[in-house]
Protein chains: 2
Amino acid sequence: MDEMTQPLPLEEKPEKKLRKGERTRAQILEAALDLFRDRGYDETTMRAIAERAGVAVGNAYYYFRSKEHLIQAFYERTHQEHLEASRAILAREKGLRERLLGVMRAKLDTIMPYHNFSGVLFKTAADPASPLNPFSQDSEPVRRQSTELFAEVVSGADTRLTPDLAAALPNLLWIYHMGIILFWIHDSSPGCRRSYFLMERSVKLILRLISLFQFPLLRPFLKELLGMVAELRAP
Amino acid sequence: MDEMTQPLPLEEKPEKKLRKGERTRAQILEAALDLFRDRGYDETTMRAIAERAGVAVGNAYYYFRSKEHLIQAFYERTHQEHLEASRAILAREKGLRERLLGVMRAKLDTIMPYHNFSGVLFKTAADPASPLNPFSQDSEPVRRQSTELFAEVVSGADTRLTPDLAAALPNLLWIYHMGIILFWIHDSSPGCRRSYFLMERSVKLILRLISLFQFPLLRPFLKELLGMVAELRAP
DNA sequence: TCCTGTAGTTGAACGCGTTCAATTCAGCGC
DNA sequence: GCGCTGAATTGAACGCGTTCAACTACAGGA
């Protein structure tokens, strides 16, 4: 119901119709999200979206390159919601465990309302050719923001970490959180409680692992793990 | 080039045309896989498949419920190829490291020719509603066979393992190998060498981890990890 | 006021996956 | 041979996402 996704009025010309295209774009997006929520993605046609928005089919393609790109708008919306929910948690909690747990729980809470049709959503997201897939160039901003969030989870905590581990953790945690989401997508337990269970237990395990890595016995192992990740990130 | 995927001649009637439908089915599948490999999935039309198979387009739908179901045939075929390639390796190698490395390398070698359209493969596989997704009831047989393969990798090795770890390893290794495939799908490096690199390095790490778990210091951690996995498998 | 270029808009048309009523084929009892 | 039944096969047709040549609206300079 709220106004547009990327409302960037660079030049403030007249008050009312500062850019006609932006209004049309918002109408199309709103129509699409409404229909997606009501009927599901596959059951919503571009013709129906255009009709509800009061424009011709071709016009929708003037503002959104494809039907999938309409999903991306939704995707970014939940992403923003998660960032805001996380900010409150990170301002409150200081322990690494509480911070990670809070951010991960906020993530699941944010996407929970959309579990029904998340399948189609992430189905397209899993395609390497799709602009929606989390590893693509197209979604680099969202990925970077997300990784920075985990960087703040780590850096703002009162836990002491070795520099190399602290540097690698944001990316490792981002991959970890993708794994939890992948599990959640396939989770059909009531309320997705298995996903919450897995998340809580695995967060516990991660913190245990982190503290274990303080022991000199495990340092070589950690070194090798971090070396591998570093080499993969810089081909 | 070889003959059909599921050649199960239950009744041996005449020699040549024991079941006409089976030949047609094989022709369609062969045409589809050839075209998928040469042009990719999206660029291959059902009309092109039918034409190459020498049948009408509707006939393809008599044998395969959808274009996606043709993927499943591919999935099972590469799976079988991998099983056979692995058998030779497991008969030869006795070290756990060599066995796991060999099986994982065989996996990548098997699916490499199809890297072009593997994206679509995982795209459909990621949809929880799809019968193709690796966690579904429908693909349980393949998943079980695959897990049993990793069970043989572990049980046939000369490495000594604690019983609880040995019991959980097959499932953990199956999940690990899914992760490698996920990386491979998004790997655009020449010859997918990054995937091979990740696989080799991570196999090393896994064996290091396994030997580390012999130390009493890490036993509680292992216990907790195995406990979590067990609880997730039996909801 | 007219001209011109750009942003915005249209809808017919294309190729696709998929469906299905209609048709042919193959095997079997008589 | 005949008739029957189910398997196999056909191809036109449907609805879909997407494209694009053509059109309109409008701001700003001459």
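Naming: A, B, ... by sequence-line order, numbering from 1 per chain.
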Please give, in whole Å, the distance from [N] [atom2] to [X] [atom1]?
X: B:Glu51; N: D:dG11; atom1: CD; atom2: C1'; value: 14 Å
X: B:Lys67; N: C:dG15; atom1: NZ; atom2: C1'; value: 12 Å
X: A:Phe64; N: D:dT19; atom1: CZ; atom2: P; value: 15 Å
X: B:Tyr62; N: C:dT24; atom1: OH; atom2: C1'; value: 13 Å
X: B:Met46; N: C:dT18; atom1: CE; atom2: C1'; value: 8 Å
X: A:Arg25; N: C:dT9; atom1: CZ; atom2: P; value: 13 Å
X: B:Glu43; N: C:dG15; atom1: CD; atom2: P; value: 16 Å
X: A:Ile49; N: D:dC16; atom1: CD1; atom2: C1'; value: 12 Å

Next on the checklist: So A:Ser146 and A:His177, do their side chains get closer than 4.5 Å, heavy atoms only?
Outcome noted: yes
Looking at [N], I'd like to know if its phosphate oxygens (OP1 or OP2) sit under 4.0 Å from a side-chain N or O belonging to [X].
X: A:Tyr61; N: D:dT18; result: yes
X: A:Tyr63; N: C:dT9; result: yes
X: A:Asn59; N: C:dG8; result: no
X: A:Thr24; N: C:dT9; result: yes

Next on the checklist: Looking at the base of D:dG15, is there any donor atom on it, or on the side chain of A:Arg47, that sits under 3.5 Å from an acceptor on the other one?
Outcome noted: no
Item to check | Test of ring centre spacing under 6.0 Å for B:Phe36 and B:Tyr114 | outcome: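 Distance test on ring centres: not under 6.0 Å, no.
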Checklist entry - What does B:Val57 touch in the nucleic acid at a heavy-atom separation under 4.0 angstrom: a base, only the sugar-phosphate, or nothing? => result base
Next on the checklist: Is it the case that atom CD in B:Glu51 sees more than 12 heavy atoms from other parts of the structure closer than 6.0 Å?
Outcome noted: no
Item to check | Salt-bridge criterion met for A:Arg105 and A:Glu200 (N-O under 4.0 Å) | outcome: yes
Item to check | Electrostatic pair B:Glu30:B:Arg77 at N-O distance under 4.0 angstrom | outcome: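 A salt bridge links B:Glu30 with B:Arg77.
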